[in-house]
Novice: 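Quick one: the structure is below, questions incoming.
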Amino acid sequence: GHVHFETDADGVCRSVFLREGVGQPTWAHIAVSLAHFLADEEQTEVEAASVSASGGRYVAREGIRFIPFMGVERRYTRWSYLEVLEGKVPRAALQDKIVFVGATAAGLGDRVVTPTSSADTILSGVELNATIFDAYRSNSFIRPLQPITQFGFNFFTSLLIVLCSAFLAPQQLLVFAASSLLGINL
């Protein structure tokens, strides 16, 4: 499987395509391949392809998903490969677990900036792939709101602000409108 992830214009990784390839989306993401392998089932199509140009050739992608990052406090347990080989990690810690192996040291492997990153907590590529695997297996990818839901939310929030303007003093209205737009409950 492929291990490519998508970065937005600001350099932050928020999504992944579950299938991609040159000309057609031939390769499943490693998380998808692993999940189907473990379930002993055939892979199925994901969804209609979205195509992006790449200098004469094109990369075909399908199945974009938004990744539910866990944040620093819920990261995966990590052991060094050497600790495992030397028997310093208890067998019970690895028994019946799915283990992702990869480089996590600074200067080695992928370093991925995510919405939950800080200067100290940039995600390693192997941890990103484990996160994608967990999300795929538990069907917990983030789903964007449908356009009609977005419209309804925006319409009713705006209507509420307009209706409240008749009953609130200007300073109160300003605080109410700002908190409504920021999603703060008063």
Novice: Measuring only between side-chain heavy atoms, which start at C-beta, is Arg14 closer than 4.5 Å to Phe5?
Specialist: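 Counting from C-beta outward, Arg14 and Phe5 never come under 4.5 Å.
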
Novice: So does Thr114 get a backbone contact from the side chain of Ser117, meaning a donor-acceptor N/O pair under 3.5 Å?
Specialist: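 Confirmed, Ser117 side chain pairs with Thr114 backbone.
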
Novice: Got a second to check how far Lys88's NZ is from Trp79's CH2, nearest 0.5 Å?
Specialist: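 Going from the NZ atom of Lys88 to the CH2 atom of Trp79 covers 15.0 Å.
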
Novice: Within this structure, what is the OG1-CG distance for the pair Thr77 and Leu94, rounded to the nearest 0.5 Å?
Specialist: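 Nearest 0.5 Å value for the OG1-CG distance: 10.0 Å.
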
Novice: Going by atom type alone, with no hydrogens or angles, which donor-acceptor pairs under 3.5 Å involve a side-chain atom of residues 139-147 and a protein atom two or more places apart or on another chain?
Specialist:
| from | atom 1 | to | atom 2 | distance (Å) |
| --- | --- | --- | --- | --- |
| Asn139 | OD1 | Arg143 | NH2 | 2.9 |
| Ser140 | OG | Ser138 | OG | 2.9 |
| Arg143 | NH1 | Phe141 | O | 3.1 |

Novice: For the CD1 atom of Ile30 and the CD1 atom of Ile132, what is their distance to the nearest 0.5 Å?
Specialist: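 Ile30 CD1 to Ile132 CD1: 10.5 Å, rounded to 0.5 Å.
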
Novice: With Phe100, which residues qualify under ring pair (Phe, Tyr, Trp, His ring centres under 6.0 Å), at least two apart?
Specialist: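 For Phe100 the ring pair (Phe, Tyr, Trp, His ring centres under 6.0 Å) partners, ignoring immediate neighbours, are Phe133.
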
Novice: According to a hydrophobic-cluster definition based on side-chain heavy atoms being under 4.5 Å apart (Ile, Leu, Val, Met, Phe, Trp, Tyr only), do Val89 and Leu82 belong together?
Specialist: no

Novice: Check step by step if side chain to side chain contact (heavy atoms under 4.5 Å, CB included) holds for Val113 and Cys13.
Specialist: CA-CA 6 Å; Val113 178; Cys13 173; over 6 Å; no

Novice: Write down the atom of Phe17, the atom of Glu6, and the distance for their closest heavy-atom approach.
Specialist: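 It is CE1-OE1, 3.7 Å.
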
Novice: Using the salt bridge (charged side-chain N to carboxylate O under 4.0 Å, His left out) criterion, which residues pair with Lys97? Sequence neighbours excluded.
Specialist: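 Applying salt bridge (charged side-chain N to carboxylate O under 4.0 Å, His left out) to Lys97 gives none.
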
Novice: Report whether Val126 and Phe37 are members of the same hydrophobic cluster (ILVMFWY, side-chain heavy atoms less than 4.5 Å apart, transitive linking).
Specialist: yes

Novice: Can you find a heavy atom in the side chain of Val99 that is under 4.5 Å from one in the side chain of Val101?
Specialist: yes

Novice: So does Asp10 get a backbone contact from the side chain of Asp8, meaning a donor-acceptor N/O pair under 3.5 Å?
Specialist: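 Not a single qualifying donor-acceptor pair exists.
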
Novice: Hey, what else clusters with Leu159 if you join Ile, Leu, Val, Met, Phe, Trp, Tyr whenever side-chain heavy atoms sit under 4.5 Å?
Specialist: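 Same cluster as Leu159: Phe151, Phe155, Phe156, Leu163.
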
Novice: Are the side chains of Phe69 and Leu128 in contact, using a 4.5 Å heavy-atom criterion?
Specialist: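 Yes - at least one pair of side-chain heavy atoms lies under 4.5 Å apart.
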
Novice: Using 0.5 Å steps for rounding, measure from the CZ atom of Arg111 to the OG atom of Ser124.
Specialist: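 Taking CZ in Arg111 and OG in Ser124, the distance rounds to 6.0 Å.
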
Novice: Mind checking the CE-OG1 spacing from Met70 to Thr116? Nearest 0.5 Å is all I need.
Specialist: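 Answer rounded to 0.5 Å: 8.5 Å.
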
Novice: Working to the nearest 0.5 Å, report the span between CG of Asp110 and CD of Glu127.
Specialist: 12.5 Å

Novice: Are any non-hydrogen side-chain atoms of Ile98 and Leu38 less than 4.5 angstrom apart?
Specialist: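 Counting from C-beta outward, Ile98 and Leu38 do come under 4.5 Å.
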
Novice: Would you be so kind as to tabulate the donor-acceptor pairs closer than 3.5 Å made by side chains of residues 20-28, with sequence neighbours excluded?
Specialist:
| from | atom 1 | to | atom 2 | distance (Å) |
| --- | --- | --- | --- | --- |
| Glu20 | OE1 | His4 | ND1 | 3.3 |
| Glu20 | OE2 | His4 | ND1 | 3.4 |
| Thr26 | OG1 | Gln24 | O | 3.2 |

Novice: Can you give each donor-acceptor pair under 3.5 Å made by side-chain atoms of residues 166-174, sequence neighbours left out, with the distance rounded to 0.1 Å?
Specialist:
| from | atom 1 | to | atom 2 | distance (Å) |
| --- | --- | --- | --- | --- |
| Gln172 | OE1 | Ala169 | N | 3.1 |

